[in-house]
Colleague: 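I have a structure here, written as structure tokens, and I will follow up with some questions on it.
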Amino acid sequence: MLIFFLVALGASVVGAVCGIGGGVIIKPVLDLLHLETVAAISFLSGCTVLSMSCYSVGKSLLAGEKRVSLALGTPLALGAAAGGLLGSRLFALARQLWDNPNRVGAVQSACLAAVTVGTLLYTLNKARIPTRRVENKAACVVIGLGLGCMSSFLGIGGGPINLVVLYYFFSMDTKTAAANSLYIIFFSQLCSLLATLAAGSVPAFRWPVLALMAAGGLGGGILGRRLNRRIKGETVERLFLLLMAVIICISFFNTWRYLTA
């Protein structure tokens, strides 16, 4: 049982520092360890990310920090909330389409690997890629919709794709993107959880595991927030790149294992 807490804590610390939520670490690691079903892991990962982002965003807003751009972040978050509902529905349809849960796991892992590879390539080359400054609110909602749908379907809470989108479309620096990413993640995960509860599609899971992972998410949010204020943006970016490389390797392995199971 302790492994669930340690995975949630470690992933949430890194997630809070980098602005990727932690689910992008929790999901493939728990898939690798094979300690729960695919559906249960997605649900537990989402709940952990929600607890971490709830603390990080709430603390940031109460402290009056200016990194979260409410003018841009709010329409992005609203779009992400709607996307979270759509992503939850798509995951439910995938579970119905494939009776074998290993097929669903393989699709999730393959998609996560593809997204992470794209994110890594963009991050390595972003200095040569011109960025934009989107200000149109409707465009922000559409962008948020795509982010929320992807994160909810993959069960990762938000992940690295949020940062790439915020870099490219809004020309944000590393720490500003991280803060706004967590703001988006909070709304998408909250709506995804509410949709799952309303649809009565909560998978079987163990309550002690949920409690431990939520506690790990909260603790990770506290520690990650403190670390984020103390380290430089360049260090955050190096950590992010290392993390992407590890996630790619795990995701490819999980895809192969699920397909051959």
Side-chain angles (χ1 to χ4, degrees), residues 15 20-28 30-31 36-54 57 73-116 118-119 137-162 164-165 181-205 210 213-214 217 251 254-255 258-259:
I20 59 174
V24 71
I25 306 170
I26 296 170
K27 181 69 171 63
L30 291 185
D31 279 342
E36 290 284 354
T37 65
V38 172
I41 289 172
S42 293
F43 179 75
L44 292 168
S45 174
C47 291
T48 305
V49 171
L50 180 59
S51 68
M52 184 278 287
S53 60
C54 181
V57 171
T74 300
L76 278 169
L78 291 174
L85 299 177
L86 179 58
S88 293
R89 181 57 183 160
L90 288 175
F91 181 71
L93 289 174
R95 289 174 63 189
Q96 293 174 6
L97 181 62
W98 291 294
D99 291 333
N100 185 353
N102 287 329
R103 297 302 178 193
V104 181
V107 169
Q108 282 186 312
S109 296
C111 289
L112 179 57
V115 167
T116 310
T119 299
K137 300 296 187 294
C140 289
V141 171
V142 172
I143 292 170
L145 180 70
L147 291 175
C149 181
M150 185 180 301
S151 65
S152 180
F153 176 76
L154 296 179
I156 60 174
I161 190 64
N162 282 19
V164 168
V165 167
S181 175
L182 291 175
Y183 186 66
I184 295 168
I185 287 168
F186 169 71
F187 281 93
S188 66
Q189 286 304 116
L190 178 61
C191 287
S192 177
L193 175 61
L194 292 176
T196 301
L197 294 174
S201 57
V202 178
F205 67 93
L210 176 60
M213 292 188 67
S251 297
N254 284 338
T255 302
Y258 277 126
L259 287 174

Colleague: Once you round to the nearest 0.5 Å, how far does CD of Glu36 lie from CE of Met213?
Modeller: 9.0 Å

Colleague: Can you name the nearest heavy-atom pair linking Leu190 to Leu50, along with the distance?
Modeller: N-CD1, 3.8 Å

Colleague: Looking only at side chains, do Asn254 and Ser109 share a donor and an acceptor under 3.5 Å apart?
Modeller: no

Colleague: What heavy-atom pair brings Leu44 and Thr48 nearest, and what distance separates the two atoms?
Modeller: O-OG1, 2.8 Å

Colleague: For the pair Phe205 and Phe43, name the ring-plane relationship: parallel under 30°, tilted 30 to 60°, perpendicular over 60°.
Modeller: tilted

Colleague: Can you name the closest pair of heavy atoms from Thr255 and Ala110 and give their distance?
Modeller: OG1-N, 3.1 Å

Colleague: For Ala113, check side-chain contact (heavy atoms from CB on, under 4.5 Å) against everything at least two apart and list the hits.
Modeller: Ser251, Phe252

Colleague: So which atom in Ala80 and which in Ile184 form the shortest heavy-atom distance, rounded to 0.1 Å?
Modeller: CB-CG2, 3.4 Å

Colleague: So do the side chains of Tyr258 and Val38 get within less than 4.5 Å of each other, counting heavy atoms only?
Modeller: yes

Colleague: Quick check: do Met150 and Leu90 have side-chain heavy atoms less than 4.5 Å from each other?
Modeller: no

Colleague: Give, for atom CG of Leu197 and atom OG of Ser88, the distance between the pair rounded to the nearest 0.5 Å.
Modeller: 10.0 Å

Colleague: Should Cys149 and Leu145 count as side-chain neighbours, where that means a heavy-atom distance under 4.5 Å?
Modeller: no

Colleague: Could you tell me which residues satisfy ring-ring contact (aromatic ring centres under 6.0 Å, His included) with Phe187, sequence neighbours excluded, listed by chain and number?
Modeller: Tyr183

Colleague: Does a side-chain heavy-atom distance below 4.5 Å link Ser42 with Lys27?
Modeller: yes

Colleague: For the residue pair Phe91 and Gln108, what are the closest heavy atoms and their distance?
Modeller: CE1-NE2, 3.3 Å

Colleague: Supply the atom-to-atom distance Thr119 OG1 to Asn162 CG, rounded to the nearest 0.5 angstrom.
Modeller: 9.5 Å

Colleague: Using side-chain heavy atoms (C-beta onward) and a distance below 4.5 Å, is Leu85 in contact with Arg89?
Modeller: no

Colleague: Yes or no on side-chain contact (heavy atoms from CB on, under 4.5 Å) for Gln96 and Val104, after CA distance, side-chain angles and deciding distance?
Modeller: CA-CA 10 Å; Gln96 293 174 6; Val104 181; over 6 Å; no

Colleague: Distance check, rounded to the nearest 0.5 Å: Cys191 atom SG versus Leu86 atom CG?
Modeller: 12.5 Å

Colleague: What are the two closest heavy atoms between Leu76 and Cys140, and how far apart are they?
Modeller: CD2-O, 3.2 Å

Colleague: Before giving the answer on side-chain contact (heavy atoms from CB on, under 4.5 Å), spell out for Leu97 and Arg103 the whole-Å C-alpha distance, their side-chain angles and the decisive distance to 0.1 Å.
Modeller: CA-CA 10 Å; Leu97 181 62; Arg103 297 302 178 193; over 6 Å; no

Colleague: Val141 vs Lys137, test: side-chain contact (heavy atoms from CB on, under 4.5 Å). Steps then yes/no.
Modeller: CA-CA 6 Å; Val141 171; Lys137 300 296 187 294; 5.7 Å; no

Colleague: Apply side-chain contact (heavy atoms from CB on, under 4.5 Å) to residues Leu193 and Cys47 and explain how you reach the verdict.
Modeller: CA-CA 7 Å; Leu193 175 61; Cys47 291; 4.1 Å; yes

